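Computed from a predicted model, the values in this text were never measured in an experiment. Here is the naming used below: chain letters follow the sequence lines, and residue numbers restart at 1 for every chain.
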There are 2 protein chains.
Amino acid sequence: MKTTRNTPAKTAILEIFEKSKTALSHTEIQKQLNDVCDRVTIYRILDRLMNDDIIHKISNLDGTVKYAKCNHSHQRVHIHNHAHFSCENCNEITCLENVKPSYIMPHNYKVKEINFTLSGLCPKCLNSDI
Amino acid sequence: MKTTRNTPAKTAILEIFEKSKTALSHTEIQKQLNDVCDRVTIYRILDRLMNDDIIHKISNLDGTVKYAKCNHSHQRVHIHNHAHFSCENCNEITCLENVKPSYIMPHNYKVKEINFTLSGLCPKCLNSDI
DNA sequence: AAAATAAAGCAACAATGTTGCGATTGTGTA
DNA sequence: TACACAATCGCAACATTGTTGCTTTATTTT
């Protein structure tokens, strides 16, 4: 079985996620890393972190892809069924851990994962009178 | 004020949407068009159709972007608040027009648009014993 | 310390989306 | 119906994002 290693780049990326309150794109991570490692390495680390359920992927309405730390909290089985909020002004994506949609599905569909993204104005931008 | 025109390429693309039961990516449209027009033209037509609220954009969990016809039905104000289903087997995206999530938002957020995408197995793939 | 192998770096490539500009073509109006 | 003019198109060039193969580096285990 594959063992995962702790490398400087991985540690650096985890620290960036730890510090950030919002989801980050590959590009944003790269800027914050300041050439700690190669662009490709970032992709590979993100892949590994997703496999290990440490981060999750979020795709915005516009097709932008971002990543955020998973909040494992209490659940034994880890499902990313919380909502995300995408601000159309500052483009920040935040996890709304407590917002869970309820819905009724037609028969014959097997739902395994859900992605619930709301967009509009975040509190910060709403208050700055746009 | 800008007037929009009906060009052969736009008509062809609209017909493709009309015939398709699932959402289509730029690439899928291009294949079906069989060199009716340039790749760039497709992008521009899709942009126009979105501005005119004739189609809407859907971004999948994996970051894939697709487009589908809007169903204007009864609502006066057109909001894309229906759900989409993305099949992890056949990769087709279908609009679930009647599935509308209910949710409770924290204060201070102004929600303008929502994107609710479920993924798993569609009826077609569920029945073919995977 | 050496062996085993996960991870990094580099280069090259693929897919997707954007921009500028000159040429073409729909369409309202004369 | 013909004209004028703006909307649209095609092309080339570029930007961004993501992937792959292969060699080298470095972490971990023995």
For this session: Sugar-phosphate atoms are those with a prime plus P, OP1 and OP2; base atoms are the rest. Using that split, label each nucleotide of nucleotides 25-30 of chain D B, S or - for protein heavy atoms under 4.0 Å, 5' to 3'.
Result: -BBS--

Exercise. How does each nucleotide of nucleotides 18-24 of chain D score, in 5' to 3' order, for protein heavy atoms under 4.0 Å: base (B), sugar-phosphate only (S), or none (-)?
Worked result: BBBB---

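Cluster partners of I58(A) are I93(A), counting Ile, Leu, Val, Met, Phe, Trp and Tyr whose side-chain heavy atoms approach within less than 4.5 Å, directly or via other members.
Proximity of P106(B) to L96(A): side-chain heavy atoms (C-beta onward) are separated by under 4.5 Å at one or more points. In this structure the side chain of H56(B) never reaches within 4.5 angstrom of the side chain of E113(B), judged on heavy atoms.
Regarding I29(B), its CD1 atom lies at a distance of 13 Å from the C1' atom of dT16(C), rounded to whole Å. With rounding to whole Å, Q30(A) atom CD is found 11 Å from dT16(D) atom P. Separating the CG atom of L33(B) from the P atom of dC9(D) is a distance of 11 Å, rounded to the nearest angstrom. Between D38(B) atom CG and dG17(C) atom P the separation is 15 Å, expressed in whole Å. The nearest whole Å value for the distance from the NZ atom in K10(B) to the P atom in dC9(D) is 9 Å. Across the protein-nucleic acid pair, I42(A) atom CD1 and dC10(C) atom P stand 13 Å apart, rounded to whole Å. Rounded to whole Å, the distance from NZ on K66(A) to P on dT17(D) is 11 Å.
Ring geometry, F116(A) versus F116(B): the interplanar angle exceeds 60°, so the pair is classed perpendicular (tilted spans 30 to 60°).
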For this session: Evaluate salt bridge (Lys or Arg N to Asp or Glu O under 4.0 Å) for E92(A) paired with K21(A), printing each intermediate quantity in order.
Result: CA-CA 9 Å; E92(A) 279 188 356; K21(A) 278 182 195 152; over 6 Å; no

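In this structure, S20(A) OG and E15(A) CD are separated by 13.5 Å, a value rounded to the nearest 0.5 Å.
In K110(B), the NZ atom is not crowded: 12 or fewer heavy atoms of neighbouring residues, nucleotides or ligands sit closer than 6.0 Å.
Y103(A) and F85(B) fall within a single hydrophobic cluster, where Ile, Leu, Val, Met, Phe, Trp and Tyr are joined by side-chain heavy atoms under 4.5 Å apart, directly or via other members.
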